[in-house]
Amino acid sequence: MELKLNQYLTPFDLEHTLQCGQLFRWEKHSDWRYGVVEKQVLKMRQTKDTLEFEGVNLDFVENYFRLGDNLPQIVSEINRDPLINQAVKAFSGLRIVRQAPLECLISYICATYKNIPAIKNMIHELSKRFGEEITFDNHEFYAFPEIDALAKAALYELRDCKLGFRAKFVQETAKMVNCGKVDFKTLKEADYETAKEELLQLPGVGNKVADCVLLFSLEKLEAFPVDVWMKRVVEKHYTNYFDASFIKKLLKKQSLSTRDYNRLSSFARNYFGKNAGYAQEYLFHFFRNKAL
DNA sequence: CTCCAGGAAAGTC
DNA sequence: GACTTTCATGGA
């Protein structure tokens, strides 16, 4: 199928969206991009204003890539200074993707203290061992595991997937989700603060992981995950919004206390507005790729 | 070989 | 409450 995009009204860039670090499961074969989403293989490519896709219907594509978000409006709201302006110009058309909550949650628990290539490998290993195999265009893909498969996984099996110390967190979180202790549908309907509080009960989920799950899979676009890159961005470009002693403390410390995390995150929420999560994603991608 | 990774939890003061 | 250490392993 094919979708004609008006890049002025509905800007979208497939490459920026897939490569900005929010997703860990897309592969490139020839000039096509393949992703496994909810047990379906989605095959896509983009040339200028034409988005070609196979495997799913139009509604699915529009929902997954949040084409309903008024991106020009959002960008104009978050575009508060020359730095973010550079980022939104450099990666015009980057959109936040509507991920499946379970996959998002487990992925970001695994992302703790790992680089992106290693994270991708962990998620692939988990899917290969516990997920359903799907063949598409003579390539093998694996759906992300069902919750009960993860909940009854043995610790050694999870460790075999290169999870290291994260194996225990994944196992225990999967058990808690499986027995209904946390319900994603409820969290989607809850407000940001309430939903975050619930997520923080899960082992392996701290402030940053919770905010990633809220932003990427639970409809909380005000979530602003503060990782090492956002810390660097603040230290380098937004120092005049904090007192010198606080910045000095940030530079000295390696990890953030909850209080310091919230100070940075809520600053960004006030500064960039209700779609601060979009600002985070543009800044993250911009800094990880070039600036420093 | 060394360094560090989209941090979180447990321990210490 | 604030600061420090530990955690397991792959990628660069």
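Reminder, nothing fancy here: chain letters follow the sequence lines and each chain counts from 1.
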Quiz prompt | Base of B:dA5 and ring of A:Y113 stacked, centres under 5.5 Å, planes under 30° | solution = no
Practice problem: Could you check which of C:dT5, B:dG7, B:dG6 has an atom nearest any side-chain atom of A:P225? | Solution: B:dG6
Quiz prompt | Distance in angstrom units between A:N115 CG and C:dA8 P, rounded | solution = 18 Å
Quiz item: Any side-chain N or O of A:R259 under 4.0 Å from OP1/OP2 of C:dC3?
Solution: no
Quiz prompt | Nucleotide C:dA8, atom P - distance to CD1 of A:I109 in whole Å | solution = 17 Å
Practice problem: Write down the distance between CE (A:M230) and P (B:dG7), rounded to a whole number of angstrom. | Solution: 11 Å
Self-check item: Interatomic distance where NZ belongs to A:K208 and P belongs to B:dG6 [whole Å]
Solution: 9 Å
Exercise. Please state how far atom CG in A:D160 lies from atom C1' in C:dG10, giving the value in whole angstrom units.
Key: 15 Å
Exercise. Just do the salt bridge (charged side-chain N to carboxylate O under 4.0 Å, His left out) check on A:R129 and A:E125 with the steps written out, would you?
Key: CA-CA 6 Å; A:R129 184 181 283 254; A:E125 293 286 326; over 6 Å; no
Quiz prompt | Shortest side-chain distance from A:R232, nucleotide among B:dA5, B:dG6, B:dA8 | solution = B:dA5
Exercise. Quickly work out the A:L256 CG to B:dA5 C1' distance and round it to whole Å.
Key: 15 Å
Quiz item: In whole Å, what is the span from the CZ atom of A:F24 to the C1' atom of B:dA5?
Solution: 12 Å
Quiz item: Of the candidate nucleotides C:dG11, C:dA8, C:dT5, which contains the atom at the shortest distance from the side chain of A:Q254?
Solution: C:dT5
Quiz item: Toward the 5' end of DNA chain B, which comes first, A:V205 or A:Q22, by nearest nucleotide?
Solution: A:Q22
Quiz item: Taking the P atom of each, how far is C:dT5 from B:dG6, in whole Å?
Solution: 23 Å
Practice problem: State whether a side-chain donor-acceptor pair under 3.5 Å links A:S127 with A:R25. | Solution: yes
Practice problem: Compare the aromatic ring of A:F284 with the six-membered base ring of B:dG6 and state whether they stack according to the 5.5 Å and 30° rule. | Solution: yes
Practice problem: Check if the side chain of A:K253 and the base of C:dT4 share a donor-acceptor pair of N or O atoms closer than 3.5 Å. | Solution: no
Quiz item: Considering only C:dC7, C:dT9, B:dG6, which nucleotide approaches the side chain of A:F165 most closely?
Solution: C:dC7
Practice problem: Please tell me which of the listed nucleotides, C:dT5, B:dG6, C:dC3, lies nearest to the side chain of A:K249? | Solution: C:dC3
Quiz item: Atom CG of A:L163 to atom C1' of C:dG10: distance rounded to whole Å?
Solution: 12 Å
